[in-house]
Amino acid sequence: MKRKISLLIATIMVLTTIFSFGVSVSAAEKTVIKWATQADTTPATQDLIDTFNRSQSKYTVQWVQMTNDSGQMHDQLMTSLSAGSTEYDVISMDVCWSGEFAAAGYLSPLDLFMYKAKLTKPLFNSGSLAAGNYAGKQYALPLFPDLGLLYFRSDIVSKADAEKLVSGRYTYTDLANMAKSYKGKGGTTDGFVYQSKQYEGLTCNVTEFTKAFKLTESGLADMKAFTTSDFVPKNILNYTEAETHNSFINGKSVFARNWPYQYAMLTESVKPSQVGIAPLPNGSTVGGWLLGVNKKSKDLEGAWEFVKFAAGKEGQFIMSTKGAHVPGYNALLTDPAVLKANPMLGFEGFKNAVLKTISRPVSAQYSKASDAVQVNVHKFLSGGQDLSTTVTNINNALK
Ligand code: GLC
């Protein structure tokens, strides 16, 4: 008996030694590449990292989780990169500020790497690529392109209304009327949810309500009418994407304005079969995230290795099928396996939204302009400033 126990202990010790030795050897052999990117409510980012790491004998990517607030992430990265820090090798950047980072000289140009890897520009989403291009050099490749969408409960909305929404031929007033009349149906407590907190998401929503600032006055008046109505939650002025998707995926709202990722979250109470997709009345704001390499990274080759994988066919397949993102690698847009796993890409309402995209203000000092929009609009919506002062301040900021 004693012999048996000591044999067992010896076996366990040998196995433990082999196991821990194996782990420490492989970890020690691989160079760690640190990737600064946001938290992800879909399984896509983790799967992307795991798949890359499994394929590698040389590098291992570590996820440095950043805030989901784009403006705050911008500031955090700015502080680090402007100090010449090497703490991140690969960084995710919002399309609205990637150009600023490239212009500031924080990023390594990718042209030579791309040339060697035979990755040409037409392979990628053109809008995303343009956002990552500065003075003729390519500084970033797409992690995922984004656009604003209207999600609606197809099991609650009438067929006629669904058709109208999908066509894109409706106004914010039509949306308000529908939100009013369907609120409360099918166990919902709200008609419409969207992003109105004072942060970058507000700029995206203002861009849509105002048709890219062509209808600033009437668009803001619409937004105010929505804010004070009883078909939106009382605390809509604190809503970001997270509050929006929590409401919609849990069956609390009939309509929601959000990005494509929300489709990947329809697994709990509300199922994909209960949901339709439509363009927004005045067009969908273009967004998205890009991957760049910190110029000061101690391992530019390793950082590029990951960017190449993530933006390439395999990486984009994961982002699109696990995260419901629009693929940034164009060939996947018509790939049957992608369309099967992410059927939203083939929906008529989604295709109509792609045809009606609009962009946030283009400015050399984008962050400053967007801050001015956020501060002024939030003040107006919460009752602290009148409409005409708000419009004047915004026009001045966007000049
Ligand atoms: C999404 C978009 C990004 C936008 C942000 C606002 O992440 O991809 O472009 O700035 O939402 O919250």
Side-chain angles (χ1 to χ4, degrees), residues 36-42 44-45 65-78 91-101 124-125 127-132 140-151 193-209 212 236-248 256-265 280 283-292 310-311 316 319-320 323-328 344 350 353-354 357-363 366-375 377-378:
T37 199
Q38 317 107 292
D40 189 350
T41 44
T42 76
T45 305
Q65 233 177 72
M66 310 292 278
T67 159
N68 280 87
D69 182 311
S70 169
Q72 277 175 24
M73 179 163 167
H74 164 275
D75 297 351
Q76 228 171 309
L77 286 175
M78 201 51 150
I91 55 171
S92 291
M93 293 170 288
D94 195 326
V95 287
C96 62
W97 42 261
S98 53
E100 183 191 342
F101 279 35
F124 302 99
N125 177 274
S128 305
L129 232 60
L141 290 180
L143 175 62
F144 59 87
D146 240 351
L147 77 163
L149 299 170
L150 182 83
Y151 288 76
V193 287
Y194 52 100
Q195 298 82 54
S196 232
K197 190 185 165 176
Q198 188 177 315
Y199 80 117
E200 185 58 32
L202 178 58
T203 304
C204 298
N205 283 252
V206 172
T207 301
E208 286 158 359
F209 271 89
I236 191 72
L237 291 176
N238 284 327
Y239 263 55
T240 67
E241 287 85 359
E243 288 75 19
T244 306
H245 72 233
N246 281 333
S247 164
F248 193 78
R257 181 267 177 222
N258 211 343
W259 310 96
Y261 82 91
Q262 184 176 275
Y263 200 80
M265 297 188 75
L280 287 151
S284 300
T285 298
V286 172
W289 289 77
L290 303 174
L291 293 169
Q316 289 298 289
M319 293 306 284
S320 182
H325 296 297
V326 178
M344 182 187 64
F350 178 83
V354 173
T357 52
I358 49 179
S359 78
R360 281 170 268 185
V362 178
S363 159
Y366 177 76
S367 300
K368 232 175 124 191
S370 177
D371 275 349
V373 170
Q374 294 164 38
V375 170
V377 173
H378 205 267

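On a predicted model such as this, the values are computed, not experimentally measured, just so you know. Position 1 is the first residue of the sequence; numbering continues from there. One-based numbering, in listed order, for ligands and for the atoms of each.
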Can you tell me if Ser370 and Thr203 form a side-chain donor-acceptor pair at under 3.5 Å?
yes

What residues form a side chain to side chain donor-acceptor pair (under 3.5 Å) with Thr207, not counting sequence neighbours?
none

Indicate whether the side chain of Gln38 and that of Ser92 have a donor and an acceptor atom separated by less than 3.5 Å.
no

Thr244 to Ala256 - nearest heavy-atom pair and separation
CG2-CB, 4.0 Å

Are there any protein N or O atoms under 3.5 Å from the N or O atoms of ligand 1? List them with distances, or say none.
unit_1	atom_1	unit_2	atom_2	d
ligand 1	7 (O)	Trp289	NE1	2.8
ligand 1	8 (O)	Asp146	OD2	2.6
ligand 1	8 (O)	Gly288	N	2.9
ligand 1	8 (O)	Trp289	NE1	3.2
ligand 1	9 (O)	Asp94	OD1	2.7
ligand 1	9 (O)	Asp94	OD2	3.4
ligand 1	9 (O)	Gly288	N	3.1
ligand 1	9 (O)	Arg360	NH2	2.8
ligand 1	10 (O)	Asp94	OD2	2.5
ligand 1	10 (O)	Arg360	NH1	2.8
ligand 1	11 (O)	Glu241	OE2	3.4
ligand 1	11 (O)	Trp259	NE1	3.2
ligand 1	12 (O)	Glu241	OE2	2.7

Can you name the residues that form a side chain to side chain donor-acceptor pair (under 3.5 Å) with Tyr199, not counting sequence neighbours?
Glu241

Using the test side-chain contact (heavy atoms from CB on, under 4.5 Å), find all partners of Asn125 that sit at least two apart in sequence or belong to another chain.
Ser128, Pro145, Asn330

